[in-house]
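Presented below is the structure to which this report refers.
Below, each value reflects all heavy atoms present in this structure, side chains not excepted, and no hydrogens, waters or symmetry copies.
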Amino acid sequence: MDDRWESEVIEYGAINITGFRIVDTSKKYVKEFLDSWKRLDPATSQGAGKELISAQAALMYDAVFVLVEAFSKIVRKKPDQFRAYTSRSRGQQAFSLPANGTRIMDCNMSKGWVTPWEHGDKISRYLRKVEISGLTGDIRFNEDGKRQNYTLHVVEMTVNSAMVKVAEWSDEAGLTPVMAKYTRLKTDMNYERNKTYIVTTIIEEPYIMLRQPEPGETLEGNDRFEGYCKDLADLVAKKLGINCECVGRGMGRGGAGLPERSGTLKVH
């Protein structure tokens, strides 16, 4: 749930949602990154230009820096560690085969086997020793290469509150509830009484179904439908003093494409 939730989509506040977040936006390092991320041009940096970053993108970002940290330590300790695998040709970097008898990588899976790189074990050891702070928190690994000492934030959004942190989960302490600071959402009760609202839904029992007309009967408008969603729309319209027209998805008048799940309504 690290992606930005569109606050103007009021349907989110009509249900209870609980999920996890791994990006801690309260940390200084994350705030500085997000400030730069927001200023980037999305045309040249895919996914940028937003206030937040998805969990997948943040994990990928951290993974790259884990690799950079590990290789930097290897090169600092032994600068010529990988020099035999590169050569300069006409001012460009090009890969060449070593002439000292060392093995090369062969990742042709069609042969049924993979030749490991001779430096693979060393790189693996250095990766497990990496300890850095990333967008997803403190990053460190155990001897098996599994990430440890990380925290997930448990957040929820209810019909009465915006999204708020309610607990933390860590691999060491488990679930720890926190004092939630609920922020009551402002309810927009402005609507036009002289407007006909189109209610789109999916034809599926028992939510909404097409009525079968009696012999000689012609059904028009909302009389064409029956079911829970139709009854609900009628009751809401009567309560608010408005007019509504039910439309099944694919039947025209805005019924195409919305909504995507049975048992749901879209008002526009």
Side-chain angles (χ1 to χ4, degrees), residues 1-23 47 50-52 54-57 152-167 169 175 177-178 180-268:
M1 298 180 70
D2 291 281
D3 288 311
R4 175 177 179 268
W5 289 69
E6 303 291 343
S7 58
E8 61 270 18
V9 181
I10 58 177
E11 285 87 345
Y12 289 150
I15 53 179
N16 293 337
I17 300 175
T18 302
F20 295 97
R21 276 185 168 173
I22 196 170
V23 180
K50 300 178 181 179
E51 295 180 358
L52 295 175
S54 68
Q56 293 86 345
L152 297 176
H153 304 279
V154 184
V155 296
E156 73 173 19
M157 180 169 60
T158 70
V159 67
N160 294 319
S161 174
M163 192 172 294
V164 63
K165 178 179 174 181
V166 296
W169 182 93
L175 186 67
V178 300
K181 298 180 180 179
Y182 290 98
T183 303
R184 183 169 293 275
L185 297 173
K186 295 182 180 179
T187 304
D188 185 6
M189 295 301 294
N190 296 323
Y191 56 90
E192 301 178 32
R193 292 181 179 273
N194 60 349
K195 173 183 176 181
T196 298
Y197 290 86
I198 306 299
V199 179
T200 59
T201 186
I202 295 175
I203 307 298
E204 183 173 336
E205 297 185 28
Y207 306 108
I208 195 162
M209 302 161 284
L210 292 174
R211 281 186 57 194
Q212 297 299 321
E214 299 292 336
E217 182 183 18
T218 301
L219 300 177
E220 297 180 350
N222 293 347
D223 292 336
R224 297 174 297 167
F225 306 101
E226 62 181 353
Y228 171 77
C229 288
K230 195 267 182 182
D231 295 340
L232 177 62
D234 288 343
L235 288 172
V236 172
K238 182 178 180 180
K239 180 71 174 180
L240 298 179
I242 61 175
N243 297 317
C244 72
E245 179 181 346
C246 295
V247 178
R249 187 158 68 98
M251 298 178 66
R253 289 297 303 273
L258 290 170
E260 295 295 338
R261 297 178 297 276
S262 60
T264 57
L265 299 173
K266 180 71 177 181
V267 181
H268 50 101

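Here the shortest heavy-atom pairing between I202 and I208 reads O-CG2, 3.0 Å. The heavy-atom pair separating W169 from L175 by the smallest distance is CD1-N, 3.7 Å. When all heavy atoms of P177 and A167 are compared, the closest pair comes out as CA-CB, 3.8 Å.
For E217, the CD atom counts as densely surrounded, since its 6.0 Å shell holds more than 12 non-hydrogen atoms of other residues, nucleotides or ligands.
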Handout entry: Stepwise side chain to side chain contact (heavy atoms under 4.5 Å, CB included) check, N222 with C244
Key = CA-CA 8 Å; N222 293 347; C244 72; 4.2 Å; yes
Practice task
Could you give me the CA-CA distance, side-chain angles and deciding distance for T201 and Y207, then say whether side chain to side chain contact (heavy atoms under 4.5 Å, CB included) is met?
Solution key: CA-CA 9 Å; T201 186; Y207 306 108; 5.7 Å; no
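Here the side chains of F225 and L219 are not in contact, with every heavy-atom distance at 4.5 Å or above. Side-chain contact between K165 and V154: absent, with no pair of heavy atoms (C-beta onward) separated by less than 4.5 Å. In this structure, the side chains of R211 and K230 stay at 4.5 Å or more apart for every pair of heavy atoms. Annotation: side chain of L52 is not in contact with side chain of V23 (no heavy-atom distance under 4.5 Å).
From I22, atom CD1 reaches atom OG of S54 across 11.5 Å, with rounding to the nearest 0.5 Å.
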